[in-house]
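Just so you know, these numbers come straight off a predicted model, no measurement behind them. Convention: sequence-line order gives letters A, B, ...; per-chain numbering from 1.
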Number of protein chains: 2
Amino acid sequence: MVSRRVSMDDIARHLGVSRSTVSFVINDRSDIRIAEETKRRVWEAVSELGYRPHAAARSLASSRTNLLGLVTDIASSPFGGGIITGAQRAAWERGQVLLIVSVDSDASADTAMLEMLLERRVEGLIYATAGHIGVSLPDAASEVPVVLVHCEDVDGRYPSIVPDEEHGGYTATRHLIGQGHRRIALINLDAHFPADGRRSGYERALREAGIDIDPALVVSGSADAGAGYALTQRILRADDPPTALFCGTDRMAMGAYDAAREAGLRIPEDVAVVGYDDQEIVAAYLRPALTTIALPFEEMGAAAVEALNGDMDAFAGSTMRGWLVERASA
Amino acid sequence: MVSRRVSMDDIARHLGVSRSTVSFVINDRSDIRIAEETKRRVWEAVSELGYRPHAAARSLASSRTNLLGLVTDIASSPFGGGIITGAQRAAWERGQVLLIVSVDSDASADTAMLEMLLERRVEGLIYATAGHIGVSLPDAASEVPVVLVHCEDVDGRYPSIVPDEEHGGYTATRHLIGQGHRRIALINLDAHFPADGRRSGYERALREAGIDIDPALVVSGSADAGAGYALTQRILRADDPPTALFCGTDRMAMGAYDAAREAGLRIPEDVAVVGYDDQEIVAAYLRPALTTIALPFEEMGAAAVEALNGDMDAFAGSTMRGWLVERASA
DNA sequence: TTGTAAGCGTTATCAG
DNA sequence: CTGATAACGCTTACAA
């Protein structure tokens, strides 16, 4: 069917010019002046003969692959596909392509897959996770520039781009305070990185508003609906219960909804709720729809690509802000 | 730092053998007999000198890239990352790599991205979508083998692998019948492909059980919680209301929960609910946890890779079965 | 069983 | 402004 792929030689021969000329035209090299007429003819022949450059040959000759490796556990998670989207968009704008490798969330990083990426000569490596966690990469990773997204290198070797959890916690709490609440509970998640920041932000907002921090209003548990339910139930039963809940994750908020409902409380009239993550499927469909903090996934993905392309240091330890998505629960 | 990459020549020279010998050993070519001792020395040198094959050079020489293109809108969806996982696992087992390109769910297929994949010389193309829909691919796609996953080619040019919706509908309904229900409502979604099959399965199950199909119990709307809520509300108000609901999506089931709750009905005691999709975040965290039909995403992803590698026709129009995930709602 | 040499399809370096 | 010619790092007949 495909009578043989047409090569650069074919189009050069077809036009009676040299291969270099064709190459120059196709790569639009501005450092070399080529007659407009020649260019036109080259492009014409290209589309006429149906020529398509051969990426591997190009890489071999130029020793540039324009390939970026993205190792991640997010493809199989309901979460943060935004990182892929953002990274890919940024890469595409630079003529780069992502080689995405999805790994299990527990395997910190599969060596064989990394080895494969290096054989493909990726020119940079992004390591992204669904949850904000600590990771450790195989030594081989150091052969190319590396940036972590939404995770931190426990060995301290690579820069990482993570959400500004403190700011998120602050924003959520400020929002609640702005609506007149003074007794605001924090139903936090246990996980180290995200929890600590969210809590600091929560405390800062209260402090700034001159509200005393009541330790009885701060609890934590696993990041799921079950824990959200149990913790909320407990906290609503206390004397002098909160009028607002800031939940560490949307899933916890999901559980909080059930607990509130069972306690006969209306949302947001009797108790306001703010979540965290903006997991669309949960947040948008809860009734009432959940007000929550969105994480800057796309932005982080794009920033990672930019970091790989430019000044790595500019992004080292850099933190990116999410934002409040106001719906009906607070 | 990296003093210069070590090439095959380097290790050949280091060992005093020819490059071909090294190549044969590294590719473990069984059609050529090489002294065990030689093999050992080669591998030793490889790890000692830190040699890593150059994929592009290899592709150029062998005209095999071992690259498969995966164009999809699922990366940015909460859905079906399983397709990626399954496809990648199957590809990896064959020494192949996926070049994943994520596109917006509305763009049926971006031509520029496809062009890029073809320049990279992908040896096959998988086009996968989050929802079971109809799509149309650019002509250029036909230059390589193509399989669609979870979608169907409206132009009828390519085979596709889709879930067996009829079987899913049948399974869900059978389950409800098995629990003694006879008045089972179908809160279906509107979308063409998935809805029709689920409905046929529902009807077949009823027919087989000798239960009359009551048109008043079959309704449909958009695939979200809002519609699920409204439709359920309406159907529960009818005289002789159903004792069980089979919802076209988990999100619709989410809405159904709210409607049932507001009607003062307990799940599953007063009304049983079965969903569809097994969107973990919804299904597992609803209270009570939702019994639902899981779609065979990983299986479809893997099947696509296999189809691309072998007999395409064996998979043409092939349909894969999902399964019931029994939780607490029915 | 191992070596030689000719590509694979580009880019890059120099002359012209 | 254009054209030879040598890489790029590997696979693969074909010889030895």
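As rounded to whole Å, 14 Å separates atom C1' of D:dC1 from atom CZ of A:R41. Going from atom CD of B:E119 over to atom C1' of C:dT11 covers 15 Å, rounded to whole Å. One atom, CZ of B:R64, and another, P of D:dT12, lie 10 Å apart when rounded to the nearest Å. Taking atom CD1 of A:I11 as the reference point, atom P of C:dG9 lies 15 Å away to the nearest angstrom. One can place CG of A:L15 at 13 Å from C1' of D:dT2, the figure rounded to the nearest angstrom. In this structure, B:R120 atom CZ and C:dG9 atom P are separated by 17 Å, rounded to whole Å. Regarding A:L60, its CG atom lies at a distance of 12 Å from the P atom of C:dT10, rounded to whole Å. Atom CG of A:D9 is separated from atom P of C:dC8 by 9 Å (rounded to the nearest Å).
Scanning all heavy atoms of the two residues, the minimum distance from A:G322 to A:P296 falls at CA-CD, 3.8 Å. Taking every heavy atom of both residues into account, B:A87 and B:V305 meet most closely at O-CG2, 3.3 Å. For the residue pair A:V162 and A:C151, the shortest heavy atom distance occurs at CG1-O, 3.8 Å.
When heavy atoms are screened at a 4.0 angstrom cut-off, A:R52 is found touching the sugar-phosphate backbone but no base atom. If you check every strand for non-hydrogen atoms under 4.0 Å, A:S59 touches nothing.
Taking the side chain as every heavy atom from C-beta outward, A:R58 and A:N27 approach each other to under 4.5 Å. Side-chain atoms of B:V22 and B:H14, non-hydrogen and from C-beta on, never get closer than 4.5 Å to each other.
Axis angle between the ends of the helix from C:dT1-D:dA16 to C:dG16-D:dC1, five pairs each and rounded to 10 degrees, works out to 30°.
Under 4.0 angstrom from either OP1 or OP2 of C:dG3 there lies at least one side-chain N or O belonging to B:T21. Side-chain N/O atoms of A:S20 include none lying less than 4.0 angstrom from OP1 or OP2 on D:dG3.
For C:dA12, the base has no donor-acceptor partner in the side chain of A:S62 [N/O atoms by modelled type, under 3.5 angstrom]. Applying the 3.5 Å distance criterion, the base of D:dT11 shares a donor-acceptor pair with the side chain of B:R19.
Counted within 6.0 Å of CD on A:E123, heavy atoms from surrounding residues, nucleotides or ligands total more than 12; the atom is thus considered enclosed. Dense packing is recorded around CD of B:E299, with more than 12 heavy atoms of other residues, nucleotides or ligands lying under 6.0 Å away.
Near DNA chain D, defined here as any heavy-atom distance below 4.0 Å, the residues from residues 25-35 of chain A are A:I32, A:R33, A:I34, A:A35, listed numerically.
Salt bridge A:E44/A:R41: absent, no basic N to carboxylate O contact under 4.0 Å.
Note on ring orientation: taking the six-membered ring where Trp is involved, the planes of B:H132 and B:H150 are tilted (angle from 30° to 60°).
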Discussion item. Walk me through whether A:R5 and A:H54 qualify under side-chain contact (heavy atoms from CB on, under 4.5 Å).
Written reply: CA-CA 10 Å; A:R5 284 232 147 90; A:H54 190 302; over 6 Å; no
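Set against D:dC10, C:dT2, C:dT10, the side chain of B:Y51 has D:dC10 as its closest nucleotide. Side-chain atoms of B:A61 lie closest to D:dC10 of the nucleotides D:dC10, C:dT10, C:dT2.
Mapping B:A57 and B:F24 onto DNA chain D via the closest heavy atom, the residue that lands nearer the 5' end is B:A57.
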